[in-house]
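Chain identifiers are assigned alphabetically (A, B, ...) following the order of the sequence lines, protein sequences preceding nucleic acid strands; residue numbering begins at 1 within each chain.
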Amino acid sequence: MLVNSEQIIEALIETIQMVAFSLLFSVLLGLPLGILLVVTRKGHLIENLAVFNVLNGVINIFRSVPFIILLVAMIPVTRFIVGTSIGTTAAIVPLVFYAGPYIARLVENSLLEVEPGVIEAAEAMGATPWQIITKFLLPEALSSLVLALTIATIGLVGASAMAGAVGGGGIGDLAITYGYQRFDTITMFITVAILVVIVQGLQSFGNFAAKKIRRR
Amino acid sequence: MIEFQNLRKVYKSSGQQVTALDGINLTISKGEIFGVIGFSGAGKSSLIRCVNLLERPTSGKVIIDGHELTSLPVKKIREVKKNIGMVFQHFNLLNSKTVFANVAMPLTLAKVDKAQIKKRVHELLEFVGLADKADYHPDQLSGGQKQRVGIARALATQPSILLCDEATSALDPQTTSSILQLLKKINQEYKITILIITHEMSVIREICDKVAVIEGGKIIEEGSVFDVFSAPKTATARNFVSTVMNDQLPESINNLIQKQAGSQRIFRINFVGTSAGQPLLSEIAKKFDVHLNVLFGNITELQGVPFGNLIVEFQGEDKEVLRALTYINEKKISIKEVSAYAS
Ligand SMILES: Nc1ncnc2c1ncn2[C@@H]1O[C@H](COP(=O)(O)OP(=O)(O)O)[C@@H](O)[C@H]1O
Ligand SMILES: [Mg+2]
């Protein structure tokens, strides 16, 4: 084995940092976009087909670009935002552009699952669109949103491993530079095992939290 | 008071136009329980949803307590909505919130202070008989209990109008009855005007004061429940009335009538209120030389007045039967000869 445990722990911390920060920014981007995708559609709270169509199109474009290409294509943007295109912080930018639109779609799906009758009841009470979103739609969709975030987070773990390939650091970086390029099977095995444990843990936690919220 | 003036609603979807409401004129007085009945697709939901502008009328006016709604700005309409409670067929409760929070919701939206909300919600839950269920979630309740929560929620802001769109259609007959009694209690204790939409004539019979029959987006008949039940004018109304009045002759009696010929004649006597059947029959049996045989009877109560019909066989000389009939006619009681096939 060509790496020591310190390197592994350092890589693990980098991965957690990348995932945590990109998740944070992705949610800040994806949640409002997802809400907008729902409420601007035809017949909804604040119908606005121009906004809806533009959002829908842009999100589709980002969603259809493979992450590895997005990673490279975003380099100038990354450099503009964080000043460099290498390192953990720099990796966050493409990750957000990858996960943000994805989360928007997931949020859209979750919110569309809320029974239209609930919105109708809210409107009958004289709730404002803002109140309907915050007091009806989001609470009713919460359990489903938690599951959606779990999926997005797991997606980010995978993507962050890939981001490592362009100098982002983290577990993926370790796996590729040692495990793959230097044929270090044990390092490969350990890094993959760590990723598996992370994904399993996240999924279990997400399921548990969603169930707690749904109380069933 | 709710008033519809020449109300029209046309839905446009994928190039197709559906006229759901086709010139509705209707006035619902303060404190009334008004029922609108019609078959599926008649436009009932469209009509009730126009009252609180969940649906925007294509043309025409909706006037509530003198205010024309369609011309009000959005903000003002939200205010008006707080004066109109609504109860739904499928309850439309928030499953993520407790019974307490569901009932509190309209007050929370209106930014009423916490202590006051608490007091009001407990009062409401007490009223609908769910005082012990405040911390439950809707999925732990039966259909009837969910509807009670829906009703409590609709009453939270002390509205003067309550709209019920098929509020009992998802419930079994017994639960339906208890919910209807609750609505009646609300009407009597709080003097709230109630507009009920239904496809079940039993709902109308049980609690409504007035009824309108809607078909193809038009009101085809309207009147007091008593008048419409005792003398329905349109085929649709007759149809609805027959679903609860059951004045069809049972098969066995039909057979009996067919077999008989000669001196027996069979009549249907409709009676209303105190001109009820039994005293009349005994009177006739005494006064005239006819034998009476009651084959079939059906009595219900409408707004506290007995109402029904009897199928009676008259046996005797033609002359005596005729005298008896003349006597009945003089009393202004409706009597009609029935033949085997026409009933
Ligand atoms: N949102 C809608 N878009 C298009 N057509 C509708 C819509 N809502 C109702 N309709 C049509 O309008 C007519 C009346 O519907 P509705 O008012 O729901 O009747 P009811 O409640 O008596 O069953 C029906 O033909 C129905 O298909
Ligand atoms: Mg309907």
Most heavy-atom pairs under 4.5 angstrom with chain A, which of B:K75, B:H90, B:Q89, B:R49?
B:R49
Of all of B:K97, B:K81, B:R153, which one pairs up most often with chain A through heavy atoms under 4.5 Å apart?
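Most heavy-atom pairs under 4.5 Å with chain A: B:K81.
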So which heavy atom on [X] is nearest to which on [Y], and how close?
{"X": "B:N92", "Y": "A:G117", "result": "ND2-O, 3.0 Å"}
{"X": "A:G126", "Y": "B:K82", "result": "O-NZ, 4.1 Å"}
{"X": "A:A124", "Y": "B:N52", "result": "CB-ND2, 3.7 Å"}
{"X": "B:L109", "Y": "A:A127", "result": "CD1-CB, 3.6 Å"}
{"X": "A:M125", "Y": "B:M105", "result": "SD-CG, 3.9 Å"}

Does [atom1] belonging to [X] count more than 12 external heavy atoms closer than 6.0 Å?
{"X": "B:K9", "atom1": "NZ", "result": "yes"}
{"X": "B:E123", "atom1": "CD", "result": "yes"}
{"X": "A:E115", "atom1": "CD", "result": "no"}
{"X": "B:F127", "atom1": "CZ", "result": "yes"}
{"X": "B:K76", "atom1": "NZ", "result": "no"}
{"X": "B:E189", "atom1": "CD", "result": "yes"}
{"X": "A:F21", "atom1": "CZ", "result": "no"}
{"X": "A:F189", "atom1": "CZ", "result": "no"}

Please report the interatomic distance CD(A:E120) to CE(B:M86), rounded to the nearest 0.5 Å.
6.0 Å
Quick one: pull up NZ in B:K111 and CD in A:Q131 and give me the separation to the nearest 0.5 Å.
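Answer rounded to 0.5 Å: 5.0 Å.
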Taking every non-hydrogen pair under 4.5 Å, which of A:T128, A:L142, A:V118 racks up the most with chain B?
A:T128
Could you look at B:E55 and say if it's the side chain, the backbone, both or neither that has a heavy atom under 4.5 Å from chain A?
neither
With only heavy atoms counted, which part of B:L93 is less than 4.5 Å from chain A, the side chain, the backbone, both or neither?
backbone
